[in-house]
A.B. asks: 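One structure is given below, represented as structure tokens, and several questions about it will come after.
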Amino acid sequence: MSNQSTLLPFIKKENDETLEEEAKNKITAESNVQPTKNQEFMNNTRSKSSDINVATIDKPTNTDDCILLDIDYDGTAQKAYLKLYDPKKNKIYRWYDTTGHKPYCLSKEPKQILLQNQQLVNHPGFVDIIEVEKYDLLEDRSIRMSKIIATDPLSIGGTSNSIRDIIKEAWEAHIPYRKCYLMDLQLIPGLFYKIENGQLVRVKRSPPESVKREIEQLFEDETQEAKQLLDSFFDLLFTPVPNIKRVAMDIEVLAEAVDVIPDPKAAEHPIIAVAFASNYDINEVHILKRKDMPQGDWISEDNVEIIFYDKEEDLLRAVFKRLSEEPFIITFNGDNFDLNYLYHRALKLGFSQDEIPITIAKNAILLKYGIHFDLYPFFHNRSINIYAFGNAYKETSLDAVANALLKKGKIKLEKEISELSLLRLGSYCYNDALITLELTTFNENLTMNLIILLMRISKLPIRDINRQNISAWIRGMFYYEHRIRGYLIPRPQDILAMKSETSTKAIIKGKKYKGAIVVNPIAGIHFNVVVLDFASLYPSVIKTHNLSYETVRCPHKECRDNIIPGTTHWVCKKRVGLTSVLVGFLRDIRVKWFKELAKSKDLSEDKRQWYRSVERALKVFINATYGVFGSESFELYCPPLAESTTALGRYAIQKTIEKSAELGVQVLYGDTDSVFLANPTQEQIEELKKWSKSFLNIDLDVDKIYRWVALSTRKKNYLGVFPDGTVDVKGLLGKKRNTPKFCQEAFSEMLNILKEVHTEKDFESAKKKIFDIIRESYRKLENKQYPLEDLAIKVQLTKPLKSYTKTTPQHVKAARLLESKGKKISVGHIIHFVKTVTPPNVKPVELASLNEIDVAKYKEHLKATFEQVLDALGIEFKDIEGYTALSEWF
DNA sequence: GCGGACTGCTTACCT
DNA sequence: ACAGGTAAGCAGTCCGCG
């Protein structure tokens, strides 16, 4: 960029006089660009050290403290190398293995027998066999195993003639070498290391001794195993995360047609803008000049450098320079789009592989030098959405996620990207990069902290946290704990051979075992309802009953009488279960330490957010552990473990219901881990809590108190009002995403009336107002006063259009109509359709008009929405329809 | 040939 | 591609009906 000198405070440009003049005029006329600020910016222009060519330095001999981010394997050197980030120098170091560690797998055959296998010993990658001792948890005994060592990972597995196939039965042979290496060296991604004289050294950053002692006291009564875990987790949960300097990138491509996303592999259209937004001093947008396209006006932040290009090749070269210099690049969907498009477009324009700092990996797109983190798969991860962000966003588009978390979204466009003036386009592109960046910086870097903490807990490098799901994270955590203790990592079939049977029948057809109890609600309005719930029921049950894959149905005869109620499974009495300790520990440290501090008002915002990050990261692991053991795709899948967990959960809620009755408290409703109590006294609540702690050994807490609750006859459907007037709506049609907007809005008007209700008497006037809402809505429907979009039913396509073979739901009909008009429809798309009077009675909003709307159907929708609440209030919908007819008569 | 009873499919929610 | 349980709405099938 040095050949493009700064001529204007605001705009950097190439050599185009006309554009310069235009820019000058435009910018001085712009109200949102303040000259003083620009002046400051010019004076503070960063000093660009010309020595920086790439983000990475290879094989350093000495470094400052660095954070371990990633690991890869160099096929030529036949060595693993780490990517370490130095937050002070803003550099990535590549450290190559100096220990001589080699890939291997395990066999149960003795060394002597294996040596007779000519195919094995003659394998070009074969190195040696060493006898080792491992502990077999499933059999609860030590075993001798043979460790077969190879020169490179592919010799172990991954080709048609790999060692793991030659020896037929191999253990630990499917663990990627990168991960195997980290475990063996006990390296934890996300923690600090430094290089001293070429050697890797762990940098310990434990909490202050006083804090350590305070926490150790909290674990005084816990098992020895739990105390050991605590000791090994201090570093993980207390080492601060450095402020990683990072740059978010977004690109715009000249699209061929409306609503068609350009194909990155074909990369047929020019890249017309690329923006970078950073949490330090890189904020710039690169724009391609186009014939007849006016400059237009800038509508985003100030202090953004704008660089124009005549040639797309020059633009790409500047972008690639950034991608080589910057250690940490963030995108939103860069794997599928931005980096992918850049790569293929560059090839198409004649760039050589060496000139492109991007590598296409199997399930990711990586940078040759720095780290690429794609926010799309991360936010798309269900566990992250639910446990870390409280289900804040309903779909994973940049706009939806940003609106939910940052309260701001993409710039609304009044025309197509291809029609935007140059600076408008630049603003739009820059804004996307900026909100992408802010998704990692908001709330004191909550997301970034989470990412690093998830790495530490799962023991996985950053790329796996980025792109893998919760089961892979939990697997990472479990495998590590196995490896460092010398436990053999079991194969899925080893567990299933002993533990595939279940003893309960699921209520839902096709499910493997019985789940939770849902208590039949007592319909009606109930005042002063107290909801008690068990503090993380399943994790508690796993901890208190010593549940783990190796302890449920253990091999000992003497444990067989230790039966889980409601099942035929028994639990080990001799050995402490690994899952039990691990989940129990994570749960305890969260509730005993981090949860409180995350809410503490005495702390600085910065500190509080840190505790929040830790608390959320722990929550992800705690809450998902039960589920993964019941999932066939999880490598430690163990049906009896999952089944025992829900059985004990049912036992806990069942006993609580019985105890409530015994205390004379009516249970109005309950679901899985909660009971809704009708107007209990303080003493009764205390009594129940005390009983739970002593009898079940699970904490039962007051979760919420309602001024009143309207329970319908349906389970998982209710509405409650808190003392402060806040309304709590669960499961009702009025809050479902697919309910038409006009229904949702009428419903929300009803809530506003209901939240004013304090007494039985208040309901009378409330009812009248609710009648009015319904009547008004009916009238507007009949007079077609609602815009089409308000009538739209919004349903997500959960699989490709072609895969709907058994039935054709309405949203699929609508989607196929759209497709026949040339629109591309893909999985995850939310189809907006309306119901019409003529067959097929469905039309996508885009193709429908108001006069073909099926009014009767919409009246039914409204009726269904209100009925769910009205039947709790003891009102029959007929009354309203009668009332409507009557009032219209007069 | 049509409608009611029934089952199955699909989606969105709750814990 | 972490679990099971529940509700709603529609699609599709079967059966009876002189």
Side-chain angles (χ1 to χ4, degrees), chain A residues 363 377 380-387 391 394-395 467-475 502 504-521 531 533-534 536-539 542 620-639 641-647 649-650 653 669-676 703 712-718 728-739 793-799 803-813 830-831 833 835 840-842 857 860-861 863-865 867-868:
Chain A
N363 299 311
H380 193 63
N381 187 310
R382 261 191 79 216
S383 302
I384 289 298
N385 186 0
I386 295 174
Y387 304 130
N391 216 352
K394 301 281 177 257
E395 47 182 313
R467 297 167 183 89
Q468 294 199 300
N469 281 319
I470 184 64
S471 62
W473 302 352
I474 292 178
R475 179 185 61 200
T502 53
T504 59
K505 196 173 168 294
I507 292 172
I508 305 170
K509 219 189 248 178
K511 299 287 183 188
K512 291 162 292 196
Y513 56 88
K514 199 188 268 305
I517 289 177
V518 187
V519 181
N520 244 320
V531 181
D533 78 346
F534 293 112
S536 34
L537 177 63
Y538 290 169
I542 288 171
V620 170
F621 285 85
I622 294 161
N623 287 340
T625 298
Y626 144 71
V628 295
F629 280 102
S631 165
E632 280 152 85
S633 59
F634 182 54
E635 282 74 1
L636 300 172
Y637 173 51
C638 182
L641 168 53
E643 183 178 37
S644 301
T645 310
T646 59
R650 290 193 299 277
I653 188 174
Y669 175 61
D671 186 347
T672 313
D673 62 354
S674 66
V675 281
F676 287 51
D703 178 30
S712 74
T713 53
R714 303 157 190 84
K715 295 170 173 179
K716 300 184 188 282
N717 273 271
Y718 61 88
D728 192 24
V729 179
K730 296 291 175 188
L732 300 179
L733 280 170
K735 83 170 234 183
K736 290 206 178 192
R737 182 180 72 186
N738 53 355
T739 299
I793 296 160
K794 290 155 282 183
V795 180
Q796 187 177 35
L797 271 183
T798 59
K799 48 188 183 182
S803 311
Y804 291 87
T805 49
K806 289 171 179 144
T807 57
T808 311
Q810 296 196 320
H811 68 294
V812 175
K813 283 195 183 114
I830 293 176
I831 310 295
F833 67 91
K835 297 186 176 178
N841 301 324
V842 173
K857 282 275 183 202
E860 273 177 46
H861 261 287
K863 182 179 166 183
T865 305
E867 220 162 29
Q868 288 187 330

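All values below were derived from every heavy atom in this structure, side-chain atoms included, with hydrogens, water molecules and symmetry-related copies excluded. A note on names: the letters A, B, ... follow the listed sequences, proteins ahead of strands, and every chain is numbered from 1.
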A.B. asks: How would you give the extent of chain A contacts on DNA chain C, as first and last nucleotide 5' to 3' within a 4.0 Å heavy-atom cut-off?
C.D. replies: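 Both ends considered, the range comes out as C:dC2 to C:dG12.
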A.B. asks: Base, backbone or nothing for each nucleotide of nucleotides 4-15 of chain B, written B, S, -, heavy atoms under 4.0 angstrom, 5' to 3'?
C.D. replies: ----SSSSBSBS
A.B. asks: For A:Y669 and A:F676, take the angle between the two ring planes, folded into 0 to 90°, and tell me which bin it lands in: parallel under 30, tilted 30 to 60, perpendicular over 60.
C.D. replies: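 Perpendicular, since the angle between the ring planes exceeds 60°.
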A.B. asks: Report yes or no: does A:S383 contribute a side-chain atom to a donor-acceptor pair with the main-chain N or O of A:V620 at less than 3.5 Å?
C.D. replies: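 No.
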A.B. asks: Closer to the 5' end of DNA chain C via nearest nucleotide, is it A:A506 or A:N623?
C.D. replies: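 Nearest nucleotide further toward 5': that of A:N623.
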A.B. asks: Treating A:Q868 as the side-chain partner and A:S712 as the backbone partner, does any N or O pair qualify as donor plus acceptor under 3.5 Å?
C.D. replies: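 No.
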A.B. asks: Using 0.5 Å steps for rounding, measure from the OG1 atom of A:T646 to the OH atom of A:Y538.
C.D. replies: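 A:T646 OG1 to A:Y538 OH: 5.5 Å, rounded to 0.5 Å.
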A.B. asks: On the six-membered ring of A:Y804, is A:K799 placed so that its NZ or CZ lies under 6.0 angstrom from the centre and within 45° of the ring axis?
C.D. replies: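 So A:K799 does make the cation-pi contact.
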A.B. asks: Looking across every strand, which nucleic acid part, if any, lies under 4.0 Å from A:K813 by heavy atom: base, sugar-phosphate, or nothing?
C.D. replies: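 A:K813: backbone/sugar contact only, no base atoms under 4.0 Å.
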A.B. asks: Would you compute the distance between atom CZ of A:R714 and atom CD of A:E867 and round it to the nearest 0.5 angstrom?
C.D. replies: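 Reported to 0.5 Å precision, the distance equals 7.0 Å.
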A.B. asks: Looking for any heavy atom pair under 4.0 Å, which part of the strands does A:G627 touch: base, sugar-phosphate only, or nothing?
C.D. replies: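 Result for A:G627 = base.
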A.B. asks: Indicate yes or no for a side-chain donor-acceptor contact from A:K794 to the backbone of A:I830 under 3.5 Å, with no hydrogens or angles considered.
C.D. replies: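 Here the side-chain-to-backbone pair does not exist.
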A.B. asks: Which comes earlier along DNA chain C counting from the 5' end, the contact point of A:S631 or that of A:I507, where each point is its nearest nucleotide?
C.D. replies: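 Here A:S631 is the residue nearer the 5' end.
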A.B. asks: If you look at every strand shown and take non-hydrogen atoms under 4.0 Å, does A:Y538 touch a base, only sugar-phosphate, or nothing?
C.D. replies: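 No contact at all - A:Y538 keeps every heavy atom at 4.0 Å or more from the nucleic acid.
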A.B. asks: For A:D671, which residues count as a side chain to side chain donor-acceptor pair (under 3.5 Å) partner, sequence neighbours excluded?
C.D. replies: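 Once residues adjacent in sequence are excluded, the partners of A:D671 under the side chain to side chain donor-acceptor pair (under 3.5 Å) criterion are A:K716.
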